[in-house]
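This chain uses plain numbering: 1 for the first residue, then up along the sequence. Counting starts at 1 for both ligands and their atoms, following the listed order.
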Amino acid sequence: PEGMLFEHERGGLVEFSNDVLSRLYIMVKPDGVQRGLVGEIIKRFESKGFKLIALKLTAPGKAHLEKHYADLKEKKFFPGLIEYMTSGPVVAMVWAGKNVVKSGRVLLGETNPLTSAPGTIRGDFAIDIGRNICHGSDAVESAEHEIALWFPEGVAQYDRAVDAWIYE
Ligand code: ADP
């Protein structure tokens with residue numbers, strides 16, 4: 001898929017918007033990997049019904065993470081954030097589905113685990129804002145930007161028979 005068009009499983013091209021088929025970049029941060037929460041996080045997106053279209057374990061360098069978090073570079077926590085994010089490997093993935101960006105933010109919880117409801121990933125597994133175990137894109141546009149940054153090799157395209165049981 002290129003630009004703002006995405007090929008729908010059932011055929012045809014769909015324009016990205018918050019209300020239709022979209023793609024979400026999710027990343028288990030170094031603390032999530034160290035704490036053995038990779039499977040738990042994958043499980044939540046998988047059992048919800050979203051489709052996994054890319055996945056890798058990777059240890060990004062400082063320059064790559066500074067690109068990923070470019071809009072936060074003036075924040076005083078930025079150096080600590082980069083140090084945290086380069087402290088070990090991360091698990092990068094892309095999920096596709098209807099409203100996956102909005103829905104993903106709900107599954108993830110708030111940026112601060114303190115105000116994240118139980119049942120959310122950050123609400124269930126984290127305490128500090130600077131160790132909140134998982135990243136998720138905050139908008140369809142930033143998701144596309146992040147997917148291009150983390151998966152320049154592209155993502156998978158395949159059909160799932162089960163989609164007929166997930167979407168009406
Ligand atoms: P989100 O990850 O929920 O989209 P932001 O884009 O605002 O949130 O921030 C990116 C990441 O920077 C957060 O997930 C968190 O790890 C870290 N962060 C944000 N605010 C703070 C803060 N006040 N102190 C320490 N780390 C922070």
Chemist: How would you list, by chain and number, every residue that makes a side-chain hydrogen bond (donor to acceptor under 3.5 Å, both in side chains) with Asp124, sequence neighbours excluded?
Modeler: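 Checked Asp124 against side-chain hydrogen bond (donor to acceptor under 3.5 Å, both in side chains); matches are Arg44.
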
Chemist: Would you mind checking if Glu144 and Arg23 are paired as a salt bridge, meaning a charged N to carboxylate O distance below 4.0 Å?
Modeler: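 Result for this pair is yes, salt bridge flagged.
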
Chemist: For ligand 1, give me the residues whose heavy-atom distance to it is below 4.0 Å, by chain and number please.
Modeler: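 Lys29, Tyr69, Leu72, Phe77, Leu81, Arg105, Thr111, Arg122, Ile129, Gly130, Asn132.
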
Chemist: Does Glu153 have any side-chain hydrogen bond (donor to acceptor under 3.5 Å, both in side chains) partners at least two apart in sequence or in another chain, and if so, which?
Modeler: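 Per chain and number, Glu153 pairs via side-chain hydrogen bond (donor to acceptor under 3.5 Å, both in side chains) with Lys56.
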
Chemist: Does Ile129 belong to the same Ile/Leu/Val/Met/Phe/Trp/Tyr cluster as Leu81, with side-chain heavy atoms less than 4.5 Å apart forming each link?
Modeler: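 Different hydrophobic clusters.
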
Chemist: Only counting residues at least two apart or in another chain, list the ones meeting side-chain hydrogen bond (donor to acceptor under 3.5 Å, both in side chains) with Thr58.
Modeler: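 Scan of Thr58 (side-chain hydrogen bond (donor to acceptor under 3.5 Å, both in side chains), adjacent residues dropped) gives none.
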
Chemist: Going through the distances and angles, do Thr115 and Glu110 end up as a side chain to side chain donor-acceptor pair (under 3.5 Å)?
Modeler: CA-CA 6 Å; Thr115 51; Glu110 306 286 322; 4.8 Å; no

